[in-house]
Amino acid sequence: MGYRKDNVYSSTMGRGYNSRKRRGKRRKKLDYRMAAVITGASAVVIAVGLTIYSHLPFVKVNNAIAAGNKYTESANYEAAIESYEKAIAIDPKSVAAYSNLAGAYLSLDNTEAAKTTLYDGFKNTENELLLKDYHTVIMNEAISEMNSASASFDTVEKLVSVLEENGDNADAIELLSAAYERCFNDSYNYDVNALFRGDKCTNTGDRTGSFDKYAELVRRMITVYAGNNSEELKNVILKYAVPYSESFTIGMEDASSYNSLLDEVISSVGSSQDIDSVKACLTNAFDVQNIFADIFVQLDVGNVDELRDFVVSDEYLALRDVFLNNQETPQENTTYVSISREAIILNKNDNGYSYRFLNFEENPDTKGVITLWANFFEDDGVQRNSISYEPAAIDGNLYPHTKYSVTYLLSYITSGKSTKVAKMNYRLDTTITYEDGTTEETIVGDWGGDNEWIMDIDTIESRIRA
């Protein structure tokens, strides 16, 4: 029936239908051609669009980062680094690229490159998260050094640098406090004389204890504190103001600078029992050296005779009596008290710190050592005054080593017709020690007087035996 309807319809439409049909066919062909042209044009537009899109900077950056991430997942960190660097070259402000690049460097244990990347990223992007990551890497470095017992002033400097950029960083302050003990113990526990002395290297052999470095770090802490007044940082500075050591040596030139540094700490932060105690030691050491300054000048040019007047001087006797009578003093009270010009040793005790000057054995490179004798020795109720002097080595040769001892005493001398007369006179004892350990001693009685006599120790000992 349908067919018939068509036929009917066809019959009814006649030629006109066929004519329309033919024209319709031609239009279809034309339509197909147009569709082909249009479809082709659309393909060109899409292809061009994809090409343009793929070349957009942010797309290239994302692709480079994505490639780097895939390399990272497979632990191909070198390739990952190249991809992240490519991303940064396209967009120097890509935070993700800097962060991922630093992570790749850390995976290769290249901490320095990671720090450089993060800090450069912060400068280029001003992104605080990159700066925070940079500080984290630095603090992790410090922790690693403390855990491996290799902490030093360099460790402290890392933490100070973090606080200089973020004074409120509580983690950095806490680590700085923890590093206080470690930096002194790890680097200088093998030799207390190494701290603050450039001629002594640390146990690792690649660092030296420098007072200048130490003072710089304390001053940088003070500057940070001035910006935030943190109570925690204040307590850390008060600790660092005095080295963590039961005993440490400081050269006299640095001692003057150290005294000034402590003044800065006190005026900016405050003081402590240890700070006050160390300052008392330094002040007393300067005062004592002033007492001996002129006689050292004379001894340096060989004027040993000047010891006669010095051993009976009011200044010398007043200092001698401090030790003889156990008067309060920060200088350590011993029978034989060394006075030298190179350095002092500060020793911690229950009441703070005490000090003493280096003796000849501790510092054979000395310019000379004077020893004050603080022992009770009376002749008919008259206390003897005694002093000794060891000059500097000649051309670096320690031997033969000469020691001069001068005593002002009441003794009997031979006068006139072998008459024994009691009088105050000087006695000079010269002891020469040779490299093989043998000694040669000579005594000069009534030294510089009218009845001066000289006798070697062998003669004296033979008379004593007789």
Looking at every heavy atom in both [X] and [Y], which two are closest together, and how far apart are they?
| X | Y | value |
| --- | --- | --- |
| A102 | A114 | O-CB, 3.7 Å |
| A422 | L410 | C-CD1, 4.1 Å |
| I275 | G270 | CD1-O, 4.4 Å |
| N303 | Q298 | ND2-OE1, 2.8 Å |
| P391 | T402 | CD-O, 3.1 Å |

With a 4.0 Å cut-off, would you call E181 and K239 a salt bridge?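 No, E181 and K239 are not salt-bridged.
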Would you mind checking if K348 and D274 are paired as a salt bridge, meaning a charged N to carboxylate O distance below 4.0 Å? yes
[atom1]/[X]: more than 12 non-hydrogen atoms of other groups inside 6.0 Å:
| X | atom1 | answer |
| --- | --- | --- |
| E435 | CD | no |
| E174 | CD | no |
| D314 | CG | no |
| D395 | CG | no |
| E126 | CD | no |

Look at the aromatic rings of [X] and [Y] and report parallel, tilted or perpendicular, splitting at 30° and 60°.
| X | Y | value |
| --- | --- | --- |
| Y258 | Y214 | perpendicular |
| Y119 | Y134 | tilted |
| Y240 | F184 | tilted |

Cation-aromatic face contact R320/W373, 6.0 Å, 45 degrees: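 The answer is no, since R320 fails at least one limit relative to W373.
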Lys/Arg cation over aromatic F296: R341, 6.0 Å, 45° cone: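 R341 over F296 ring: yes.
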Side chains of Y355 and E332 in contact at under 4.5 Å (non-hydrogen atoms): no
Is there a side-chain contact between N349 and E246, using heavy atoms and a 4.5 Å cut-off?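 With C-beta onward as the side chain, the pair stays apart.
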Atom pair [atom1] ([X]) and [atom2] ([Y]), whose distance is rounded to the nearest 0.5 Å:
| X | Y | atom1 | atom2 | value |
| --- | --- | --- | --- | --- |
| I344 | T249 | CD1 | OG1 | 9.0 Å |
| Y434 | H401 | OH | NE2 | 12.5 Å |
| K115 | D133 | NZ | CG | 14.0 Å |
| N235 | L176 | CG | CG | 12.0 Å |

